[in-house]
Structures are given as C-alpha cells and as structure tokens.
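Note on naming: letters A, B, ... go to the chains in the order of the sequence lines (proteins, then strands), and numbering restarts at 1 for each one. Keep in mind the model is a prediction, meaning the values are calculated, not measured.
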Number of protein chains: 2
Amino acid sequence: MAASETRQSIVAAADDLFYENGFDHTSFAQVAEVVGISRGNFYYHFKTKDEILDAVIEKRLEDRRTMMSQWSSSQETPRQRVAQFIRILLTNEAKIKTYGCPIGTLFTELSKLDHPGEDSARRLFDLFRIWLKRQFELMGHTRDADDLGMHILARSQGVATLANAYPNEPFLKNEVQQMLAWLEALEASGNT
Amino acid sequence: MAASETRQSIVAAADDLFYENGFDHTSFAQVAEVVGISRGNFYYHFKTKDEILDAVIEKRLEDRRTMMSQWSSSQETPRQRVAQFIRILLTNEAKIKTYGCPIGTLFTELSKLDHPGEDSARRLFDLFRIWLKRQFELMGHTRDADDLGMHILARSQGVATLANAYPNEPFLKNEVQQMLAWLEALEASGNT
DNA sequence: CCTGAAATAGGACAAGTGACCTAAAAAACT
DNA sequence: AGTTTTTTAGGTCACTTGTCCTATTTCAGG
C-alpha cells in the first residue's frame, strides 16, 4: 500500500483512540492493531509518539477548518453561523456524553502531562476563538467580539464536561436552548 | 510514626500530585518520594492504586464539605452563598490557571480511562450540584433549582478550562463578574 | 524478468510500572 | 527488660511501554 494511505489510516485510528482513551493511555500496539499493521511498520511512518500527536492535531485542525467553511457557505448571517457552532453540541451529543469534547479533553490532558503538544492543542481553541470573534464583529460587536467568543466557547466547554458526567439527563439540550436564546437576545448592532 | 499520620501524608501528597500531573501519570514512586517513605512502606498503607484514589476522592469530598459549611456560617443569604461558590474561581485563580479545576479534570481523566473511580469522582460534582440546588430552592426557585445549579456548575467548569488554556488574560475575572451579575439579576422569588 | 527502492513484519532492548515478599527497625505493652 | 505488634525498608517479579534494528516481502521502473 502507498505510504500516504497507511499514514492516513494511522492518524485516523490514533485520532479516535486518543479521543476515546486519551493520548497517554493509548499505546502504539493498540493503534497498530486497529490499523491492522505491525508495530515495526508503525515506526516506518512515525518515529516518535509525539509525531503522531502532531499529525492528529493537524488532522483535527483541518477537519474543523472544513467544517467551518461549510458553515460559511450554508449559513447566511454570522448569527446563524454562531448558532451552528452552538449546535455542534447537539450534532455530537452521543460522543460528547461518552467521551467529552475532543478539543477540551485533549488540551486538559496535555496540560496536565506538561506535554509540549499543549501549545499545538491550544491552537484548536484558537481556531474557534478567532472564528467566533470574526462572527461577532460581523454582527456589529466590534469592541467585545473576543469576549463574546470566549464566553460562548467557555459555555460550550462547561456543557460538554457536565454532559459527560451526567449523560442521562436533558441537561445538554436545555443548555443549548439557553445559549441560542442568549445569542438571539444579543443586539444586532454592537456598542462601538 | 503512627499509621494514621503516614496515611494522611500519603493522601495529601497523592492529592497534590493527582491534581498537578494526573492520576494515571502519577506513580507510586513519585508519591513515596514526596512523602519521604519507601515504596515498600507504601504498600503497608495502601494495597492498590485504586485504594489511594478512593482515599484522595474521600479527602476532596471532606475538604469541600467543610468549605461549604464555612460558607453557611459566614454568609447570611443563599444568594451570598452561591456568590461565594462562584468566587472560588478567584480564590483558586492561580492553581486553576495552571492545573484546571481539581474536580473537573479528575472526572474527565477517569472517564477517559474507563476507570471504576469515575462514579466516585462524579460524587464530587453531586456534592456541589445538590448544595447549589438547595440554595436556589431557598431563593424561591423551587421548580428549576436543579437546572440553575447545573447551569452555574457548567459555567464554572467552562471558565476553568479556558482559563487553563489562556492563563495570561483577564478572561477569568470577566466571566466571574458576569456570573455574579447573572446571579443578581435572578428574581428573588421563583416561578412556582 | 530483474533490480533497487519502498513498505512491512517481528523480534529485542532498556526503562518504568503496579504489585508482592521478607527481613529489619521502631514502638507499644506487659 | 523482654516480647509482641506495628511500621518501615529494599529487593524482586511480571508486565507494559516507547524505541530501535534487521530481515523479509511487495512493487514499480528499466
């Protein structure tokens, strides 16, 4: 098989396993088994575990970028686009209740491990942060656009964490409704 | 030294290390070194790693219980007590920015590891959840007391996560102000 | 078909882990 | 002081981990 294909399979499998079991707790053997290759072959494609982590983060960045560009083409107004962001919680409800937020849990783990990849993981937050800021600016909230973005980002993180702790409750849906209501209540024009 | 004292030292050291480096990533040797005892002695007090985890969770539960009972005696109204809860984020600002929330990060890790201690860790959330519910009930919000408690719990979690990701920003203080304003804006009497 | 590069397999290694064991030291009690 | 119990130290074990190495297979280009 071509090297790039195998590489993709490895990154995809590692992406899932890191999400489901955590980065530190996922071993090379596990990834290799899921992909269906030998551990030895593994090292032909990735020399260190950190290299896989970098590749996984790069993949997650790319996946989110395409997701956000789809929003830009399907949603007319910035308000609708932010609403789309909030609704990720519903789209991924099942996985979030089981594994939490893929971005938040990865950053939290790497931060706790004092792992160099922490900085790369923060870039996943940055991606949404900057994008959200831009949307709020387009809504006219030029001065506090970043604060509003951080606010909605934090709310999403908190909801994901508690939905993970209490999966069998309507909590997540309730909070999404509240966040959407908050978004609607925001004045159309900012305070500049 | 008396066994109970050594045991306490171990639990205290493990509490810190689990918070700073994570449960899975903390080894017996590290805890023993911090306490200043041999690894062999360790097993006289705790037969398995899970036993230490249980003891640490029990300690955290007890610490929070005493904290909340202090609030009850120092704060007159339930509204002031909830405000005190919100202000934990400020009290522990430095540690939260470095290590995140001790309750949230522990639960997230155990959930990801599929560790049996996940249920015990959830009881830490329960402690605050039930207490918050009670405060909102006392404020007159009998019907949606639990929703309000979960809401403020989730906001705190989200703020802690993002403050950990962006420690060099006024974000945490801003959000605490917003949460306190939200609390003030709640009607004194509920919707029953 | 042949040849050299690309890709794969599987074994080996050192380090670290949780767990266990036994003997020595310390403390408590008679 | 002597004896029993409590507490401690340090070695050992089986296992897993990330990493490395070498031999074999696959496969494309001449």
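Between A/Y44 and C/dA7, a side-chain N or O to OP1/OP2 separation shorter than 4.0 Å is present. Within the 4.0 Å cut-off from OP1 or OP2 of C/dA9, at least one side-chain nitrogen or oxygen of A/N41 is found. Proximity of A/S38 to the phosphate of C/dT8: no side-chain N or O atom is located under 4.0 Å from OP1 or OP2. For the pair A/H45 and C/dT8, the criterion of a side-chain N or O lying under 4.0 Å from OP1 or OP2 is met. A sub-4.0 Å separation between OP1 or OP2 of D/dT8 and a side-chain N or O of B/T6 is present.
Within 4.0 Å (heavy atoms only), A/S4 reaches no atom of the nucleic acid at all.
A straight line from CZ of B/R39 to P of D/dC13 spans 15 Å, rounded to a whole angstrom. Here C/dG18 presents its P atom at 13 Å from CG of B/L53, a figure rounded to the nearest Å. Straight-line distance from the CD1 atom of B/I37 to the P atom of D/dT6: 18 Å, rounded to whole Å. A straight line from CZ of A/F42 to P of C/dA9 spans 13 Å, rounded to a whole angstrom. Whole-Å rounding puts the A/D50 CG to D/dG18 P distance at 11 Å. For B/F28 and C/dG18, the CZ to P distance is 6 Å, given to the nearest whole Å. Rounded to whole Å, the distance from CZ on A/F46 to P on D/dT17 is 19 Å. In this entry the distance linking CZ of A/F23 with P of D/dT17 reads 13 Å, nearest Å.
No cation-pi contact links A/R79 to A/F136, judged by a cut-off of 6.0 Å to the six-membered ring centre and 45° from its axis. The side-chain tip of B/K112 does not point at the ring of B/F107 from less than 6.0 angstrom away and within 45° of straight on.
When distances are taken from the side chain of A/K49 to each of C/dT8, C/dA19, D/dT19, the shortest belongs to D/dT19. Candidate nucleotides C/dA19, D/dG18, C/dT8 were compared by shortest atom distance to the side chain of A/Y43, and D/dG18 ranks first.
In this structure, A/K47 and A/H25 both approach DNA chain D, and ranking their closest nucleotides by distance from the 5' end singles out A/H25. Both B/G40 and B/A29 lie near DNA chain C, and the one whose nearest nucleotide falls closer to the 5' end is B/A29.
No donor-acceptor pair closer than 3.5 Å links the side chain of A/N21 to the backbone N or O of A/T26.
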Criterion salt bridge (charged side-chain N to carboxylate O under 4.0 Å, His left out) on B/E169 and A/R129, from CA distance to verdict | CA-CA 14 Å; B/E169 308 195 14; A/R129 177 179 183 172; 2.7 Å; yes
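Ion pairing of A/K59 with A/D63 is present here, as a side-chain N (NZ or NE/NH1/NH2) and a carboxylate O approach within less than 4.0 Å.
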